[in-house]
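What follows is a set of notes on a single structure, which appears directly below.
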Amino acid sequence: MSDSLDELARSLMRRHVRLEQIISPLTAPELQAASDAALLARPGFRRLHAERWDSAPPDAGALATLPEGSFGSCYARYMAHYRLSPDFFPIQARLGADATPTQYAVHRLNKCHDFMHVLGAYETSDADEVAVQSFVFGVAPVALASFLAQAAAHPDLQQGRYKHLRDIYAGHILREDFERGVAAASLLGERFETLWEEPLVSLRRRLGIAARAPEHQGQVGVNSCGGHTSLPFFAPTEETRAPYSPPA
């Protein structure tokens, strides 16, 4: 991230602004070039963008057969636990030759959103949705602001099933989750759809994703999207309920 872009993102975080308040300052035309340069400075992302790499939606049934503790198995169980589908919110992909790095990042953030939940141990509660967006804000602030701008203008957003998404605009950026995202900025260059068999704990360690504070993990909360409420997927005192060995 460029120094000016980093300082602007940090200034917004320190002011504890609402997510809706990051859209105007971070979608200014002059910041697009800074965002593109910051993204291309990440070797993994640079290769993905050059290829305009994209993959088919995950097959949750197949992933459920992978060993417990693997990223794919945990993702499949998470999606089943919350009755989620990979194509929850439709934003038009920008994958053509003219797609800028930031536009491509918006596509990847939209497509990989549920991966971020699993990697960061975020539930689907309204509170954790704001937390995961704060995490993504640390990873790619301009791409997140662009996504929020596009989502706000999308004609489907007013559907009842997207109340959960509409509500996040009033949520305030959270420092802890922002810092987790900054530390894990390289994750946007990962081909997650090829990493299903990797143990989730080692994937988190490799990407620099720190554990959440115990008081924030595994909390019961309401998901206003469709009114579905469930017991937490992640246990309060561990990164995942899958029986894997803890990191050394």
Side-chain angles (χ1 to χ4, degrees), residues 1-53 91-113 115-116 119-120 122 129-154 165 168-192 204 206-210 212:
M1 199 183 305
S2 70
D3 292 343
S4 59
L5 181 54
D6 175 70
E7 182 50 41
L8 176 55
R10 287 192 170 278
S11 174
L12 292 167
M13 179 273 295
R14 287 192 293 266
R15 287 161 50 199
H16 195 49
V17 301
R18 297 187 301 275
L19 281 163
E20 64 187 359
Q21 292 175 298
I22 74 171
I23 295 175
S24 178
L26 287 175
T27 54
E30 59 270 21
L31 286 181
Q32 296 298 308
S35 172
D36 291 345
L39 290 165
L40 291 177
R42 307 171 191 180
F45 182 87
R46 186 165 61 246
R47 289 190 292 270
L48 292 186
H49 175 254
E51 298 172 24
R52 304 302 192 271
W53 187 79
I91 284 186
Q92 185 66 36
R94 291 294 298 272
L95 299 178
D98 64 338
T100 67
T102 300
Q103 289 168 341
Y104 177 72
V106 171
H107 168 69
R108 287 299 288 166
L109 288 175
N110 186 35
K111 190 164 187 176
C112 299
H113 179 75
F115 303 167
M116 305 294 178
L119 290 165
Y122 294 109
E129 193 61 51
V130 172
V132 76
Q133 298 294 350
S134 299
F135 174 80
V136 173
F137 183 58
V139 173
V142 174
L144 175 64
S146 298
F147 168 81
L148 292 174
Q150 291 180 40
H154 199 286
L165 178 55
I168 67 170
Y169 289 84
H172 292 267
I173 297 292
L174 303 171
R175 177 185 293 271
E176 175 189 326
D177 302 285
F178 170 82
E179 296 293 357
R180 291 181 86 210
V182 170
S186 65
L187 65 80
L188 201 55
E190 293 289 327
R191 302 172 193 252
F192 290 112
R204 285 171 170 161
R206 179 166 67 80
L207 295 175
I209 301 176
R212 295 190 76 186

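Please read these numbers as outputs of a predicted model, since none were measured by experiment.
There is no side-chain donor-acceptor pair under 3.5 Å between Q103 and H49.
Among all heavy-atom pairs drawn from V139 and G181, the shortest one is CG2-O, 3.5 Å. Pairing each heavy atom of G208 with each of A184, the nearest pair is O-CB, 4.1 Å. Considering every non-hydrogen atom in both L165 and A151, the closest pair reads CD2-CB, 4.5 Å. Nearest heavy atoms, R52 versus L95: CG-O, 3.2 Å. Nearest heavy-atom pair across F192 and C112 is CD1-SG, 4.2 Å. L119 approaches R204 most closely through the heavy-atom pair O-NE, 2.8 Å.
Formation of a donor-acceptor pair under 3.5 Å by the R18 side chain with backbone atoms of A170 is not found in this model. Side-chain atoms of S35 never come within 3.5 Å of backbone atoms of L31 as a donor-acceptor pair (strictly under, hydrogens ignored). Checked by atom type and distance alone, the side chain of H16 pairs as donor or acceptor with a backbone atom of I173 at under 3.5 Å. Between the side chain of Y122 and the main chain of F135, no donor-acceptor pair closer than 3.5 Å is present. R180 places no side-chain N or O within 3.5 Å of a backbone atom of I209 that could act as its donor or acceptor partner. Looking at R108, its side chain never comes within 3.5 Å of a backbone N or O of L188 through a donor-acceptor pair. Listed for the D36 side chain is a donor-acceptor partner under 3.5 Å among the backbone atoms of T102.
Relative orientation of the F178 and F137 rings is tilted, given thresholds of 30° and 60° on the angle between their planes. Using the six-membered ring where Trp is involved, Y104 and H107 have ring planes that are tilted, between 30° and 60° apart.
Using a cut-off of 4.0 Å between Lys/Arg side-chain N and Asp/Glu carboxylate O, E7 and R14 are scored as salt-bridged.
Side-chain atoms of F147 and V136, non-hydrogen and from C-beta on, never get closer than 4.5 Å to each other. For the pair R212/D177, a side-chain contact is recorded, criterion being any heavy-atom separation below 4.5 Å from C-beta on. Contact annotation: the side chain of V142 never approaches that of L39 to less than 4.5 Å [non-hydrogen atoms, C-beta and beyond]. Two residues are said to be in side-chain contact when any heavy atoms from C-beta on lie closer than 4.5 Å; R10 and V182 meet this criterion. Between R47 and R42 the shortest side-chain heavy-atom distance does not fall below 4.5 Å.
Atom OG of S134 sits about 5.5 Å away from atom CG of L19, to the nearest 0.5 Å. In this structure, CD in Q133 is found 9.0 Å from CG in L109, a value given to the nearest 0.5 Å. Separation of atoms CD (Q32) and OG1 (T27) is listed at 7.0 Å; rounding is to 0.5 Å.
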Intermediate values then yes/no, side chain to side chain donor-acceptor pair (under 3.5 Å), Q21 and H172: CA-CA 9 Å; Q21 292 175 298; H172 292 267; 5.4 Å; no

Steps toward side chain to side chain contact (heavy atoms under 4.5 Å, CB included) verdict (E20, L148): CA-CA 8 Å; E20 64 187 359; L148 292 174; over 6 Å; no

